[in-house]
Protein chains: 2
Amino acid sequence: MATRTRRSQRRTEALSRERIVKAAVELLDASGESGLTFRVLTERLETGPGAIYWHVANKDELLAAATDAVVAGAVATGATGITGAGEPSQEPEDGIRDVALRLFDATEAHPWLAAQLATQLSRNPGGTVAPRILEGIGRHVRALGVPQDGWFTTASALMHYILGAAGQNVANTESARALGPEADRGDFLGTVSAAWKRLDPDDYPFTRAVAEQARTHDDREQFLAGVDLLLTGINAGHPRTA
Amino acid sequence: MATRTRRSQRRTEALSRERIVKAAVELLDASGESGLTFRVLTERLETGPGAIYWHVANKDELLAAATDAVVAGAVATGATGITGAGEPSQEPEDGIRDVALRLFDATEAHPWLAAQLATQLSRNPGGTVAPRILEGIGRHVRALGVPQDGWFTTASALMHYILGAAGQNVANTESARALGPEADRGDFLGTVSAAWKRLDPDDYPFTRAVAEQARTHDDREQFLAGVDLLLTGINAGHPRTA
DNA sequence: CCAAGAATGGAACGGCGTACCAGAGACGAC
DNA sequence: GTCGTCTCTGGTACGCCGTTCCATTCTTGG
């Protein structure tokens with residue numbers, strides 16, 4: 001057994017938690033949750049496991065850090081200029097749609113994100129992710145004129161809908177990719193729609209009836225429609241102050 | 001190397017996909033997603049991996065089957081007699097609340113369920129889980145008088161909210177358990193609330209303002225409040241027919 | 001110049017999901 | 001009855017995973 005071979009040289013660019021998290025996000029984006037491995041991470045960073053473990057406690061913490069980094073980028077004002085880079089004077093409804101769409105788009109850009117949010121959001125809720133989202137939504141909830149004792153319930157309802165819908169949407173786009181490299185969203189929805197039409201008419205009358213709508217629906221539009229349902233319900237529940 | 005030892009006897013009770021799924025659900029309930037292992041599963045069923053793989057393709061399929069089994073039980077009419085064992089003549093709003101609560105309770109009884117729903121619901125959406133939920137909600141959406149071209153959007157919005165909120169809630173109760181054996185939900189919420197109150201006042205004014213509400217809120221009540229927001233929005237969007 | 005600490009990365013460990021396959025029971029054909 | 005065939009079983013082995021351990025190297029302050 002040869003003694004330990006000495007390492008060639010100290011690395012040119014110092015390892016850091018930031019560099020590790022950045023590489024983790026890239027790996028997750030490239031090949032999904034199963035693509036993030038300490039093995040490929042060490043290879044990518046040209047280092048050993050021990051070096052990574054010096055900066056990060058374990059894989060769960062790494063996933064949490066990656067999630068937080070992406071959410072922070074998505075929620076940050078003006079991160080994506082969808083409705084005008086976080087215009088401060090916009091209508092509160094538009095502000096909520098803006099935040100919602102930013103999160104929606106983030107889960108689409110990072111398909112692994114939705115599952116992480118669902119799993120880890122409050123696994124350690126002292127964490128930074130939940131407050132980030134809540135805060136992004138909450139400002140606008142307050143601006144809507146919701147009475148203070150309804151703030152938490154209202155903002156939570158919005159957050160839950162956004163996370164649920166975003167997760168579902170990701171699952172859809174992922175499935176489309178799984179169908180094949182050149183298969184697109186339409187092919188996938190066609191497959192699902194056809195499967196639904198084949199269901200038992202006695203047990204699944206409704207699902208069969210909406211199969212056609214499912215085939216032709218637009219994810220983003222449907223997502224915003226759900227947000228608007230909530231906004232309507234919220235506005236109906238309190239006297240609209242000017 | 002001794003030749004293969006012959007097995008003692010053919011098993012008394014035949015293995016079946018049902019028995020395997022049942023055991024899987026029990027293991028998941030007992031010790032979470034990481035508690036479900038082919039090793040302990042073979043031990044529990046007094047068999048070998050090959051026998052299991054004869055009935056089930058792989059672990060993903062096993063998880064999907066377990067998820068489907070639990071959802072089927074939860075959505076089935078009268079599975080839990082919360083509002084009267086699936087009264088057929090109830091108001092459509094109550095019907096929706098009923099289905100929502102059933103799923104909410106299911107995710108609480110099976111803490112692993114929410115993550116599975118988020119991850120796998122449409123990983124294979126030709127699967128049975130999504131139609132089951134959609135159907136359970138859809139009947140009542142129709143009864144609400146929603147025009148047909150809004151069926152899919154409306155039912156989807158409800159489903160997304162339910163899944164998102166249920167997942168969030170599970171994360172909360174799970175975290176409470178992690179705090180310690182005798183720690184209860186109150187201790188956990190107290191911890192979270194305290195952490196939120198310690199946030200930067202400039203960056204997190206809203207979250208700090210709702211920290212106290214978070215400490216004292218009731219999960220079930222808040223969940224239903226969100227459902228009602230959606231119901232209000234839905235009813236406002238179309239002429240209420242008798 | 002040298003001791004002390006921070007940071008590194010190679011090797012090894014236990015456990016996981018899974019593939020493989022020899023063999024045991026069930027059962028119809030003759 | 002016996003045989004061949006098909007269904008089902010469970011033991012063994014493989015490759016990869018997250019993680020631990022630790023000798024070694026670079027950096028820093030006295």
Side-chain angles (χ1 to χ4, degrees), chain A residues 1-24 27-28 30-67 112 115-116 119-120 123, chain B residues 1-24 27-28 30-67 112 115-116 119-120 123:
Chain A
M1 211 75 77
T3 59
R4 218 152 284 210
T5 62
R6 68 185 49 197
R7 124 191 49 164
S8 57
Q9 212 173 344
R10 176 145 281 225
R11 47 178 320 102
T12 17
E13 203 157 354
L15 208 56
S16 71
R17 192 182 159 97
E18 274 179 19
R19 260 175 38 96
I20 294 173
V21 170
K22 181 158 173 282
L27 283 173
L28 285 167
S31 39
E33 191 171 347
S34 65
L36 176 59
T37 310
F38 272 82
R39 302 255 198 273
V40 314
L41 201 54
T42 57
E43 199 174 331
R44 170 78 82 104
L45 294 169
E46 290 172 324
T47 178
I52 297 179
Y53 273 91
W54 178 259
H55 296 278
V56 164
N58 52 39
K59 194 178 180 178
D60 277 353
E61 190 187 303
L62 181 56
L63 276 168
T67 303
W112 48 274
Q116 284 309 308
T119 308
Q120 301 203 346
R123 179 165 292 177
Chain B
M1 211 75 79
T3 58
R4 219 156 281 212
T5 62
R6 67 184 51 194
R7 121 194 52 165
S8 57
Q9 213 174 347
R10 177 145 278 227
R11 46 179 321 104
T12 19
E13 205 158 353
L15 208 55
S16 70
R17 192 184 159 97
E18 276 180 17
R19 262 175 38 94
I20 294 173
V21 170
K22 183 161 173 278
L27 283 174
L28 286 167
S31 37
E33 191 170 345
S34 65
L36 176 59
T37 310
F38 272 82
R39 302 258 199 271
V40 314
L41 201 55
T42 57
E43 200 174 332
R44 170 78 82 102
L45 294 170
E46 290 173 322
T47 179
I52 297 178
Y53 272 92
W54 177 260
H55 296 279
V56 165
N58 52 39
K59 193 177 182 181
D60 277 353
E61 190 188 304
L62 181 56
L63 278 169
T67 302
W112 48 273
Q116 284 308 309
T119 309
Q120 301 203 344
R123 177 165 295 177

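By convention in this document, chain letters (A, B, ...) are assigned in the order of the sequence lines, proteins followed by strands, and residues within each chain are numbered from 1.
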- prompt: Which residues pass the salt bridge (Lys or Arg N to Asp or Glu O under 4.0 Å) test with A:Glu61, sequence neighbours left out?
  reply: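 Here the qualifying residues are A:Arg17.
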message: Using every non-hydrogen atom in the two residues, find where A:Ala66 and A:Leu28 come nearest and quote the distance to one decimal.
response: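 Minimum heavy-atom separation between A:Ala66 and A:Leu28: CB-CD1, 4.1 Å.
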task: Please name the pair of heavy atoms, one in B:Val21 and one in B:Ala65, separated by the smallest distance, quoted to 0.1 Å.
output: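 Distance-wise, the nearest heavy atoms are CG2-CB, 3.7 Å.
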- prompt: Any side-chain N or O of A:Thr47 less than 4.0 Å from the OP1 or OP2 oxygen of C:dT8?
  reply: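 So the side-chain polar atoms of A:Thr47 never come under 4.0 Å of the phosphate oxygens OP1 or OP2 of C:dT8.
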Under-4.0 Å side-chain N/O to phosphate OP1/OP2 contact, B:His55 with D:dT7: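 No, no such contact exists.
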Could you give the [atom1]-to-[atom2] distance, from [X] to [N], as a whole number of Å?
| X | N | atom1 | atom2 | value |
| --- | --- | --- | --- | --- |
| B:Ile20 | D:dG10 | CD1 | P | 11 Å |
| A:Glu43 | C:dG9 | CD | C1' | 14 Å |
| A:Trp54 | C:dG9 | CH2 | C1' | 14 Å |
| B:Asn58 | C:dC16 | CG | C1' | 14 Å |
| B:Leu15 | C:dG25 | CG | C1' | 15 Å |
| B:Ile52 | C:dC21 | CD1 | C1' | 17 Å |
| B:Glu46 | D:dG11 | CD | P | 11 Å |
| A:Leu62 | D:dG18 | CG | P | 10 Å |

message: On DNA chain C, does the nearest nucleotide to B:Tyr53 precede the nearest nucleotide to A:Gly50 from the 5' side, or the other way round? Give the residue.
response: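 The residue whose closest nucleotide sits nearer the 5' end is A:Gly50.
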Under the side chain to side chain contact (heavy atoms under 4.5 Å, CB included) test, residues paired with A:Ala24 that sit two or more places apart: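 A:Ala24 satisfies side chain to side chain contact (heavy atoms under 4.5 Å, CB included) with A:Leu36, A:Leu62 once adjacent residues are dropped.
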message: On DNA chain D, does the nearest nucleotide to A:Lys59 precede the nearest nucleotide to B:Ala51 from the 5' side, or the other way round? Give the residue.
response: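 The answer here is B:Ala51.
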- prompt: Where does DNA chain D pair, written as one dot-bracket string 5' to 3', with Watson-Crick or G-U pairs under 3.5 Å, ( ) inside the strand, [ ] for crossing pairs and | for another strand?
  reply: ||||||||||||||||||||||||||||||
query: Heavy-atom contacts under 4.0 Å between residues 33-41 of chain A and DNA chain D, which residues?
result: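 Result for residues 33-41 of chain A: A:Leu36, A:Thr37, A:Phe38, A:Arg39, sorted by number.
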Side-chain donor-acceptor pairs of residues 37-45 of chain B under 3.5 Å, sequence neighbours excluded:
unit_1: B:Thr42; atom_1: OG1; unit_2: B:Phe38; atom_2: O; d: 3.2
unit_1: B:Thr42; atom_1: OG1; unit_2: B:Arg39; atom_2: O; d: 2.5
unit_1: B:Arg44; atom_1: NH1; unit_2: B:Glu26; atom_2: OE1; d: 2.7

Tell me which donor-acceptor pairs under 3.5 Å the side chains of residues 49-57 of chain B have, and how far apart each pair is, sequence neighbours excluded?
none

